[in-house]
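Keep in mind that the numbers below use all heavy atoms, side chains included, and drop hydrogens, waters and symmetry copies. What you see is a predicted model, and the numbers here were worked out from it, not measured in a lab.
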Amino acid sequence: MPSPAGGPVAVAAASAAAAEALGISPEMYPTEDDLAYEEEILREPFKLKGWWRYLVARAAAPFAKRAVIYERALKALPGSYKLWHAYLRERLDHARPHPISHHAYASLNNTFERALATMHKMPRVWVLYLTSLLDQRLLTRARRAFDRALRALPVTQHDRIWPLYLRLASLPACPVETSLRVFRRYLQYDPSHAEDFIDFLISANRWQEAADRLASVLNDDGFRSVKGKTQHQLWLELCEILTKHADEVAGLKVDAILRGGIRKFTDEVGKLWTSLADYYVRRTLYEKARDVFEEGVASVMTVQEFSVVFEAYTQFEQSMLAAKLEAAEEEGAGSEGEEEAGRKNGMDKLSKKFLADCWLNDEDDTDLRLARFERLLDRRPELLSSVLLRQNPHNVEEWHRRVKLFEKDPTRQVATYVEAVKTVDPMKAAGKPHTLWVAFAKMYEKHNRLDSAEEIFKKATQVNYKAVDHLASIWCEWAEMELRHSNFDKAIELMRQATAEPSVEVKRRAAAEGDEPVQLKVHKSLKLWSFYVDLEESLGTLESTRAVYERILDLRIATPQIVLNYAYLLEENKYFEDAFKVYERGVKIFKYPHVKDIWVTYLTKFVRRYQRSKLERARELFDEAVKQAPPQEKKVLYLQYAKLEEDYGLAKRAMNVYDEAVRAVPNSEKMSMYEIYIARAAELFGVPRTRQIYEQAIESGLPDRDVMTMCMKFAELERNLGEIDRARAIYVHASNYADPNSHPEFWNKWNEFEIQHGNEDTFREMLRIKRTVAASRSQTHFILPEYLMQRDQRLNLDEAVDTLKRAGVPEDEMANLERQLAPGPSTAPPAPSTATAPANRMMNFVSAGVQAQAESSSRQQQAAATNNEDIELPDESDEEEDDVQIAEKSVPAAVFGELGKRAAENREEESSGAQENEQLGALERIKRRRQ
């Protein structure tokens, strides 16, 4: 539908003409593309939707044209937040590339002001405006704008304004007073950020207010640091401000504040003490600083804190001394000018005349300061000891070390001992508290003050110690002191007093109170009675000594050694029966193992005293002793018992004692006991009597190794007696306990025995038994490769040759046998002739494999015809060979080479087959024996 003549086209044309008349650029004119949007906003100028479409459609237009559209829209809709926010953002982006002096920023600020006329409740608009002002560094205008924003916005939205305001206050160009007022206002809004204000005050060197704020924060129990600082860290910051800027901080009681921190924070008291002293040093109050250091080293509780305070103290004294030395040098250089000035001033001259010789008027105190410094260094061990004693005032060893520090000052030692015995609680003491009293008394004794030493000991005996032994030690030390000064009667009297039993009334009173002191228990102290009885033996009479011993036995506190000493005392004085009665009491009081020494001594002394005169009584004593003794303690008693019977009794009874002993002692001692038994039986009744003992030992259940050893000795005995068959039977029995792999010495012994006394049958039987035992004890059977089997054959062949040499076989026969038995990888050795075969049959090479099929008579004929020097021994029977089946796998034919083939071919032939069977049996036996 065409537009009317007075429509939008005419309006656009008219506006363009008017704009041209005003000098507006043609780019600002509405174009034909804008007609639709212009018509829409003309129809509905108060609807945001049409204006926003217009702006979106012209997003690529120049900013000036879009600004005209924004201005027209905001004129129609001045309360639209969306239009104002988009307009301000575009203006910010347009102005940002320009310097802050560009007119675009003035236009931007003017636009913000116009926007805030209607948008003053919108915090985002305020944030954009304030951020722009901060970027332009317009501090005054920004401060006023911040104030307007805080007044315009509700308090709930102030948290979006204050971070920018604090940023303004932290700018270097911002006056300090302005920043202080801003921070104070902010703390009224949010007091929890007091630390930010304190940090600003410190950076601005406002030490007074910073200290005040820190003190108020520390006094506020509800304060919680937003930066995670502890109360201790805040205290340290306050101490640092107060000490390093003492002249600039007033109105605070620095001494009270720091001392309060020392009482409250015990883990850093060393640093706080040095801070307090540093405060007085900066105030030029040096004597007060020295007093603070002294108080600090006298009150710290740990060695680490002491090191901190003492190091600062020494540096202070050293710096004071160095400053005085420098001042003295400067005064020496300007002394002449001072003398001329003194002549002019008569009053000063007169004062110097009267005060010239007074030591108080001496300004040169260098020697005094040097003496102070040296004295401080010398006092370090004493001060350190005080720290350790403050940690644990009941540490006895530390008190002793402290006394050693004053070795050259007896007065200080006495004062230290007095302080120690007053401070140390015996119930809490770390160490032995009675040693303090003893050392205290010995110090007086060292200076020949026995009356004072006795007074110290007297007081020490009245202390309630934790252990009875401590009080007993006090009494013993007191008596030893009297002995050192030859007061023997007084020493005995002291021991009599110490061992006196308390009265019944005293015990009843202590029981009623519920806490029995050690003074009521010391009369049963073994240490005290032992010392007392030693004194009586040395200084008293026999009757008094016996009375003390009897009292010890009545109190039932005696030890085996005391019983032995008592009996020895009576024996020295020829009271033998009384001594034996003491032994009797001792063996009734004590049990094993403590009574062992008493029994041994008692029996030895009794036998030595009465010998055969009271033999029955001695036998009864021995029977009672071995009855009470445990098995591991019976051997000694049985040996003594047997010795008694051998010397004064009957040999038969001695044998009965030995027989009883071998049954009573433990298994670990039976072997040695049997050896003694056999040796004594052989000496008393002859060697044949030992056969019964050997048989008993073998059947008594000894360990296998001991049984084997006993059998070897038994067999050796029978061999010496000429009983070869009995010896061989013993070896056969012992073979059940001897593994060839772990006990080769047994089989070597039997082997030598058979070589000397046996024949071929017995030797074969020995080898058969050996194979049987080895097979029964083996757990695993391996199938070895052929080359390993050949190597084992070579090794066994060498072993066989050595055995033949020891048996006395000629070398030519051994060489022939070695050639016959040596295996070959490809060629078989030549078959030996039948005539020389018997010469190669030695006793060590016994057939154990292929069974010989020839009859024994033909074999004996061949042996007699070919080798007249051999011993004619009967061949093995087939049944014997059948009984021994050791191998559990077949032997590869390659091991035997051509010999195996020849053995298979000649099995039907009687003469040649026998020789082949013997050789194959030897190889097979060697191989299996090696395995």
Side-chain angles (χ1 to χ4, degrees), residues 232 258-274 276-277 291-314 375-444 456-457 459-474 477 515-519 521-522:
H232 182 250
L258 293 180
R259 290 182 183 275
I262 290 171
R263 290 190 298 271
K264 188 174 182 179
F265 305 105
T266 57
D267 55 342
E268 288 285 349
V269 294
K271 188 173 183 180
L272 294 176
W273 278 114
T274 56
L276 181 57
D291 294 341
V292 170
F293 277 124
E294 287 289 341
E295 186 178 357
V297 296
S299 61
V300 293
M301 297 296 295
T302 64
V303 176
Q304 182 179 2
E305 295 167 357
F306 169 78
S307 301
V308 173
V309 179
F310 187 81
E311 184 67 23
Y313 194 5
T314 54
R375 171 63 178 159
L376 177 62
L377 296 179
D378 294 339
R379 287 171 54 207
R380 189 181 189 283
E382 178 185 351
L383 295 174
L384 183 59
S385 176
S386 300
V387 172
L388 297 175
L389 288 175
R390 281 194 293 274
Q391 290 180 355
N392 183 12
H394 308 290
N395 189 346
V396 176
E397 293 301 325
E398 187 57 38
W399 280 110
H400 284 298
R401 286 193 288 268
R402 185 175 180 82
V403 170
K404 291 181 180 179
L405 297 177
F406 311 122
E407 289 181 346
K408 299 180 180 180
D409 191 353
T411 304
R412 294 289 301 275
Q413 284 186 328
V414 172
T416 304
Y417 274 125
V418 171
E419 183 182 1
V421 297
K422 288 182 178 179
T423 304
V424 175
D425 185 357
M427 298 300 174
K428 303 177 182 178
K432 298 179 180 180
H434 71 280
T435 56
L436 291 172
W437 291 97
V438 173
F440 193 8
K442 286 185 177 180
M443 190 199 69
Y444 276 116
I456 295 299
F457 276 122
K459 292 181 179 180
T461 56
Q462 300 172 2
V463 178
N464 186 17
Y465 297 98
K466 188 176 181 179
V468 177
D469 189 63
H470 295 169
L471 181 58
S473 299
I474 292 290
E477 291 289 345
D515 185 13
E516 186 178 5
V518 293
Q519 281 75 10
K521 307 174 185 177
V522 72

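In this structure, the ring pair (Phe, Tyr, Trp, His ring centres under 6.0 Å) partners of Y313, at least two apart in sequence or on a different chain, are F293. Residues forming a side chain to side chain donor-acceptor pair (under 3.5 Å) with Q519 (at least two apart in sequence, or on another chain): none. In terms of the salt bridge (charged side-chain N to carboxylate O under 4.0 Å, His left out) criterion, residue partners of E294 (sequence neighbours excluded) are, by chain and number, R379. Applying the salt bridge (charged side-chain N to carboxylate O under 4.0 Å, His left out) test to K442 and every residue at least two apart in sequence or in another chain returns E477. Residues meeting the side chain to side chain donor-acceptor pair (under 3.5 Å) test with R259, sequence neighbours left out: D255, E295. Every residue meeting the side chain to side chain donor-acceptor pair (under 3.5 Å) condition with T302, not counting sequence neighbours, appears here in chain and number order: E305. Looking at residues two or more places apart in sequence or on another chain, you find a side chain to side chain contact (heavy atoms under 4.5 Å, CB included) between E407 and K404, Q413. In terms of the side chain to side chain contact (heavy atoms under 4.5 Å, CB included) criterion, residue partners of K466 (sequence neighbours excluded) are, by chain and number, M427. Every residue two or more places apart in sequence or in another chain was checked for a side chain to side chain donor-acceptor pair (under 3.5 Å) with R390, and none qualifies. With sequence neighbours excluded, no residue satisfies ring pair (Phe, Tyr, Trp, His ring centres under 6.0 Å) with Y465. Every residue meeting the side chain to side chain contact (heavy atoms under 4.5 Å, CB included) condition with L389, not counting sequence neighbours, appears here in chain and number order: S385, E398, W399, R402.
V303 and L388 make their closest contact through CG2-CD2, 3.7 Å (heavy atoms, listed as atom of the first residue, atom of the second, distance).
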task: Please step through side-chain contact (heavy atoms from CB on, under 4.5 Å) for the pair V297 and W273, ending with a clear verdict.
output: CA-CA 9 Å; V297 296; W273 278 114; over 6 Å; no
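Put simply, the side chain of P426 reaches to within 4.5 Å of the side chain of V463, judged on heavy atoms.
Sorted by first and then second residue, the side chain to side chain donor-acceptor pair (under 3.5 Å) pairs involving residues 426-440 (not counting sequence neighbours) are H400-T435.
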